[in-house]
Amino acid sequence: MPDDARCPCLSGETYGACCGRYHRGLAAGGSDTVGAPTAEALMRSRYAAFAVGDADYLLATWHPSTRPTDLDLDDDVTWRRLDVVATSAGGPLDRTGVVEFVAHYRSAETRERGSLHEVSAFVREGGRWYYVDGDVPAHRG
């Protein structure tokens, strides 16, 4: 994705000034000198990594205790929009954080639209945020 394109996380910034800098920081051999400062920023950068197909970034930001050995992203899915519903803790000085979000997608093959609603847990270790796991909230109604 070009650095001057709108960032997929919908922050209003360009990709290069937003999530692209985090993706590049880890792409250069794991020396993340500009890691996401909050759990929400990491969640947004992970969403953007799904949108641009950056499996290496997703694995690098997944906590080792829950990280899969590999990740095969579905080329048929186009991630269209991210809505952050709520955050709890996850600030620059916190050790844990929770981010609830809805990520909207579209299937290129079937043209069907859908969404993923998740409450994600994050932990900060060694000054760096990691995704731990996520729960899909029970449907109300």
Side-chain angles (χ1 to χ4, degrees), residues 1-92 94-141:
M1 170 169 269
D3 278 351
D4 61 350
R6 184 174 163 202
C7 191
C9 83
L10 301 181
S11 66
E13 297 287 332
T14 63
Y15 176 68
C18 192
C19 296
R21 63 187 166 146
Y22 303 134
H23 297 171
R24 279 189 308 277
L26 283 178
S31 60
D32 183 12
T33 58
V34 291
T38 66
E40 181 179 341
L42 179 62
M43 190 278 308
R44 286 180 174 279
S45 72
R46 287 177 54 82
Y47 168 84
F50 274 103
V52 301
D54 191 343
D56 290 340
Y57 180 81
L58 291 165
L59 289 169
T61 57
W62 209 314
H63 194 270
S65 68
T66 57
R67 179 183 332 156
T69 52
D70 62 355
L71 188 60
D72 186 23
L73 300 180
D74 188 349
D75 293 335
D76 181 53
V77 173
T78 301
W79 294 97
R80 310 287 291 181
R81 189 178 88 230
L82 175 67
D83 298 323
V84 175
V85 176
T87 61
S88 176
D94 292 320
R95 295 194 43 83
T96 61
V98 174
V99 180
E100 181 178 359
F101 68 91
V102 180
H104 303 270
Y105 62 88
R106 185 171 202 166
S107 167
E109 183 177 323
T110 65
R111 308 292 289 163
E112 291 181 14
R113 296 174 185 189
S115 62
L116 168 68
H117 185 177
E118 183 174 299
V119 178
S120 297
F122 296 86
V123 63
R124 189 168 62 87
E125 293 180 353
R128 212 166 122 203
W129 283 102
Y130 293 92
Y131 169 79
V132 178
D133 60 19
D135 290 318
V136 175
H139 179 59
R140 297 179 195 156

For this session: May I ask you to check whether W79 and Y105 place their ring centers less than 6.0 Å from one another?
Result: yes
Exercise. How many angstroms lie between atom CG of L10 and atom CZ of R81, to the nearest 0.5 angstrom?
Worked result: 8.0 Å
For this session: Kindly indicate whether the side chain of E112, heavy atoms from C-beta on, has any atom under 4.5 Å from the side chain of R106.
Result: no
Exercise. Rounded to the nearest 0.5 Å, what separation is found between the CD atom of E118 and the CG atom of D133?
Worked result: 8.0 Å
Exercise. Does the side chain of T87 come within less than 4.5 Å of V98's, by heavy atoms?
Worked result: no
Exercise. Between P92 and T38, what is the shortest heavy-atom contact and its length?
Worked result: CD-CG2, 3.9 Å
For this session: Using distance alone, with no hydrogens and no angle criterion, decide if E13 and S11 have a side-chain donor and acceptor under 3.5 Å apart.
Result: no
Exercise. ring-ring contact (aromatic ring centres under 6.0 Å, His included) with H63: which residues, sequence neighbours excluded?
Worked result: Y130
Problem set entry | pair V102-L116: side-chain heavy atoms closer than 4.5 Å | no
Problem set entry | side-chain hydrogen bond (donor to acceptor under 3.5 Å, both in side chains) pairs, two or more places apart, involving residues 67-76 | D76-S107
For this session: Mind listing the closest non-hydrogen atom pair of V119 and P137 along with its distance?
Result: CG2-CG, 3.9 Å
Exercise. When you measure from the centre of the six-membered ring of W62, is the NZ or CZ of R46 under 6.0 Å away and within 45° of the axis?
Worked result: yes
Problem set entry | Heavy-atom side-chain contact between V84 and E40 under 4.5 Å | yes
For this session: Please report the closest heavy-atom contact between P8 and V52, naming both atoms and the distance.
Result: CG-CG1, 4.2 Å
Exercise. Are any non-hydrogen side-chain atoms of R44 and V99 less than 4.5 angstrom apart?
Worked result: no
Exercise. Taking atom CE of M1 and atom OG1 of T14, what is their separation to the nearest 0.5 Å?
Worked result: 10.5 Å
Problem set entry | Sub-4.5 Å side-chain heavy-atom contact between Y131 and T61 | no
Problem set entry | Trace of the side-chain contact (heavy atoms from CB on, under 4.5 Å) decision for D83 with H104 | CA-CA 8 Å; D83 298 323; H104 303 270; 2.8 Å; yes
Exercise. Quick one: CZ on R113 to OG1 on T78, what's the gap to the nearest 0.5 Å?
Worked result: 11.5 Å
For this session: Of all the heavy-atom pairs spanning A49 and Y57, show the shortest one and how long it is.
Result: CB-CD2, 3.7 Å
Seminar exercise, completed: Scanning both residues in full, the closest heavy-atom pair of Y22 with S45 reads CD1-CB, 3.8 Å
Exercise. Can you tell me how far the CZ atom of F50 sits from the CG atom of L58, to the nearest 0.5 Å?
Worked result: 4.5 Å
Exercise. So does E109 have more than 12 non-hydrogen atoms from other groups sitting under 6.0 Å from CD?
Worked result: no
Exercise. Rounded to the nearest 0.5 Å, how far does CD of E125 lie from OG1 of T96?
Worked result: 11.0 Å
Problem set entry | Nearest non-hydrogen partners of S120 and F101, listed with the distance | OG-CE2, 3.2 Å
Problem set entry | Check: H23 and Y15 side chains under 4.5 Å, non-hydrogen atoms | yes
